[in-house]
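Residue numbering restarts at 1 for every chain, and letters A, B, ... go by the order of the sequence lines. All values derive from a computational prediction rather than experimental measurement.
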Amino acid sequence: MALSTQPYKGARDFYPEDKRLQKYMFGTIRKVVERFGYEEYDAPVLEPLDLYLAKTGDEIVNEQTYAFEDRGGRKVAIRPEMTPTVSRMVAAKRQELGYPLRWYSIPNLWRYERPQRGRLREHWQLNVDVFGLDTMLAEMELIQISDAILKDFGATHDMYTIKVNSRKLMDFIMKDYLKLSDVQIHMASKLIDRMHKLPLAEFEAEAESIMTPTQRDNGTANKLIGLLKIKQIHHLPEVIREHESAKEVKKLIDMLHEARVTNVVFDITIMRGFDYYTGIVFEMFDNDPDNNRAMMGGGRYDGLVGLFGVEPVPTVGFGWGDVTLQNFLEGHNLLPALRTETDIYAVLVGDVYDSAIKVINELREMGANVAVDLTGRKMDKQIKTAVKKNIHYAVFIGEKEIKDELYKLRNLTTGIEERHSASRIVSIVKDYRDEDL
RNA sequence: GCGGAUGUAGCUCAGUUGGUUAGAGCGCUGGAUUGUGGCUCCGGAGGCCGUGGGUUCGACCCCCAUCAUUCGCCCCA
């Protein structure tokens, strides 16, 4: 049986052109995030399994985490998300870090599940977190960052929508206003999370099924559904509207609009899967109906650092997967044609290696990226190789060039050839490299 | 974990109601062309028809299983 050449299920090989795209995406992200004063960190891919058991629902840890036992009998997980790790790191140096702390990372994460569009087993996820700020100015900043990232990729506000809600607000509505029990709140949250996927009648039936007989008598399900249809904070009933959490959401949205992030809306159905969120939650959606899923999501989780036995640190963060980002950029035609890193393909004419390599190294020392053919093949084969690799320039080095110290530089797109000194060639090539992007 | 779709050359795909040695375009490769790619012409390599079983005189084709890819469900970090 021959070995398979396929990558592991749900994981991707990055051939040079794929890696180039990844480098472009991550490079753009880093540039924007660092512009806001965030610092990059990283951590091991492996963590003790306990780290995830402490904070997440059982099902996710048991069924969707890659876990194994190491040779010392320790239970180990391949990280399925970064939030527990970064919380651990902050907790470990709780006293000595300077707050507010602004950190980001682009880790690769693994989840064991069936691959589908926008969801693979291995993906890279931008994580941006602020530690030590307890007002919604932190949420404000993170949403501005996510908006700035897409702006830097060339996206416009008609292409995506940022939806904001508050866990505190939902807790108030479900617990105090609708008088649901903790179990009911949990079930209702899951249901609300997939509201847009269900036909209204089915949603109503499921909402009804959560309720006790008394609640059915006083129409609690209908009240809930009525609230979920509301699109504006000022349309909420007054007791809710006047609650501190509703005011906070409203203030956040107003401030973002003021800051020209005009595509932020209130959406009462945004819940987020995890229980650890404690305040504002938000998600970003592609407006293209063919790619209509959340590509970025986050919120406030003030309790996580405290799980490590230190004073809690208020925290807001978001995660953004590379697959969903790439789908978005492809869907809106925002990916530029990326060039190879190689500036020059050196074609050797005749048996000139010994003297040609001196010139080539000179070009390299002056900053050009040069690949040499080295095969001794006929020139047409050497040129074809350069073209196939999408290298923009070929330089011909033969006895004549070596003697004159002038080398023939061929632009492989236009076919134009000129003789230049080595230093001139390097400056031409660098000009081309810096042309746009 | 559940359901649908699809597996034929490196890629995109044909392949007649089940009938000999399995096809095209592109790509790859050699030459025409001993200091110059794309155009043209001539040659060449490359297939256990995803895999295993079954039905049949005979299977790329029909049936079963399995694996893989993909879209959706569940779930969502």
Distances for protein N/O vs nucleotides 2-12 of chain B N/O pairs under 3.5 angstrom?
| residue | atom | partner | partner atom | Å |
| --- | --- | --- | --- | --- |
| B:rC2 | N4 | A:Arg114 | NH1 | 2.8 |

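Remark: B:rG30 base-pairs with B:rC42. Criterion, Watson-Crick or G-U wobble with two distances under 3.5 Å. A 3.5 Å limit on both hydrogen-bonding distances identifies no Watson-Crick or G-U partner for B:rG35. Figure legend. B:rC76 is base-paired to no nucleotide; pairs are counted as Watson-Crick or G-U wobble with both atom distances under 3.5 Å. Of the nucleotides present, B:rG4 is the one that pairs with B:rU70 by Watson-Crick or G-U wobble criteria, both distances under 3.5 Å. Pair assignment for B:rC62: B:rG54, on the basis of Watson-Crick or G-U wobble contacts that are both within less than 3.5 Å. Across all strands shown, B:rU12 is found opposite B:rA24 as a Watson-Crick or G-U wobble partner, with both distances under 3.5 Å.
No engagement by A:Glu283 is indicated, since no non-hydrogen atom pair under 4.0 Å with the nucleic acid exists. The residue A:Lys400 sits close to a base: some heavy atom pair falls under 4.0 Å. Backbone-only engagement by A:Gln6 is indicated by non-hydrogen atom pairs under 4.0 Å involving sugar-phosphate atoms exclusively.
Using modelled atom types, one side-chain atom of A:Gln382 and one backbone atom of A:Leu348 make a donor-acceptor pair closer than 3.5 Å. Within the 3.5 Å criterion, the main-chain N or O of A:Gln125 finds a donor-acceptor partner in the side chain of A:Asn127.
Protein atom CD of A:Gln116 is 9 Å distant from nucleotide atom C1' of B:rC76, rounded to whole Å. Put simply, CD1 on A:Ile402 is 15 Å from P on B:rG35, counting in whole angstrom units. We find that NZ of A:Lys190 is positioned 13 Å from P of B:rC74, with the value rounded to whole Å. For the pair A:Asp373 CG and B:rG37 C1', the computed distance is 13 Å after rounding to whole Å. When rounded to the nearest whole Å, the span between CZ of A:Arg272 and C1' of B:rC76 equals 9 Å. Atom CD in A:Glu81 sits roughly 14 Å away from atom C1' in B:rC75 (whole-Å rounding). The OH atom of A:Tyr393 sits 17 Å away from the C1' atom of B:rG37 (whole-angstrom rounding). Rounded to whole Å, atom P of B:rC73 lies 13 Å from atom CD of A:Glu202.
In this structure A:Arg74 satisfies the salt bridge (Lys or Arg N to Asp or Glu O under 4.0 Å) test together with A:Asp70, sequence neighbours excluded.
Ring centers of A:His420 and A:Tyr407: at least 6.0 Å apart, outside the cut-off.
Near RNA chain B, meaning a heavy atom under 4.0 Å from it, residues 117-125 of chain A has A:Arg117, A:Arg119, A:Gln125 in order of number. Using a 4.0 Å cut-off on heavy atoms, the residues of residues 409-431 of chain A that approach RNA chain B are A:Arg410, A:Leu412, A:Gly415, A:Glu417, listed by number.
Of the candidates B:rG35, B:rC75, B:rU34, the closest approach to any side-chain atom of A:Gln64 belongs to B:rC75.
Classification of A:Glu435 and A:Arg339 as a salt-bridged pair holds, one side-chain N sitting under 4.0 Å from a carboxylate O. Under 4.0 Å is where a charged nitrogen must lie from a carboxylate oxygen, and between A:Lys163 and A:Glu283 no such pair does. In summary, A:Glu113 and A:Arg121 do not engage in a salt bridge, as defined by a charged side-chain N under 4.0 Å from a carboxylate O.
Remark: the separation of the C1' atoms in B:rA24 and B:rA14 is 7 Å, to the nearest Å. When the P atom is used for both B:rG10 and B:rU29, the distance is 15 Å, rounded to whole Å. If you take atom C1' in B:rG15 and the same atom in B:rA77, they sit 47 Å apart, rounded to whole Å.
Residues A:Tyr38 and A:Asp129 approach most closely at CE2-O, 3.6 Å, considering heavy atoms. For the residue pair A:Ser146 and A:Ile162, the shortest heavy atom distance occurs at OG-CD1, 4.4 Å.
On a pure distance criterion of 3.5 Å, a polar donor-acceptor pair joins the side chain of A:Lys408 and the base of B:rU36.
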With side chain to side chain contact (heavy atoms under 4.5 Å, CB included) as the test, would you mind laying out the steps for A:Phe266 and A:Val249 before giving the verdict?
CA-CA 8 Å; A:Phe266 169 64; A:Val249 174; 3.9 Å; yes

Applying ring-ring contact (aromatic ring centres under 6.0 Å, His included), run through A:Phe328 and A:Trp320 and close with a yes or a no.
CA-CA 12 Å; A:Phe328 174 86; A:Trp320 193 340; 8.0 Å; no

Quick one: do A:Asp193 and A:Arg272 satisfy salt bridge (charged side-chain N to carboxylate O under 4.0 Å, His left out)? Show the steps, please.
CA-CA 7 Å; A:Asp193 207 28; A:Arg272 307 285 302 148; over 6 Å; no

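Nucleotides of RNA chain B nearest to A:Tyr8 and A:Lys384 differ in position, and the one nearer the 5' end is that of A:Lys384.
Within the 4.0 Å cut-off from OP1 or OP2 of B:rC28, at least one side-chain nitrogen or oxygen of A:Lys388 is found. Distances shown here put every side-chain N or O of A:Lys381 at or beyond 4.0 Å from the OP1 or OP2 atom of B:rG37.
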Distance-only donor-acceptor pairs under 3.5 Å for side chains of residues 203-211 of chain A, two or more places apart:
| residue | atom | partner | partner atom | Å |
| --- | --- | --- | --- | --- |
| A:Glu206 | OE1 | A:Arg194 | NH2 | 3.0 |
| A:Ser209 | OG | A:Glu206 | O | 2.7 |

Pairs under 3.5 angstrom only: tabulate donor-acceptor contacts from the side chains of residues 383-390 of chain A to other protein residues two or more places apart or in another chain.
| residue | atom | partner | partner atom | Å |
| --- | --- | --- | --- | --- |
| A:Thr385 | OG1 | A:Arg377 | NH2 | 3.1 |
| A:Thr385 | OG1 | A:Lys381 | O | 3.0 |

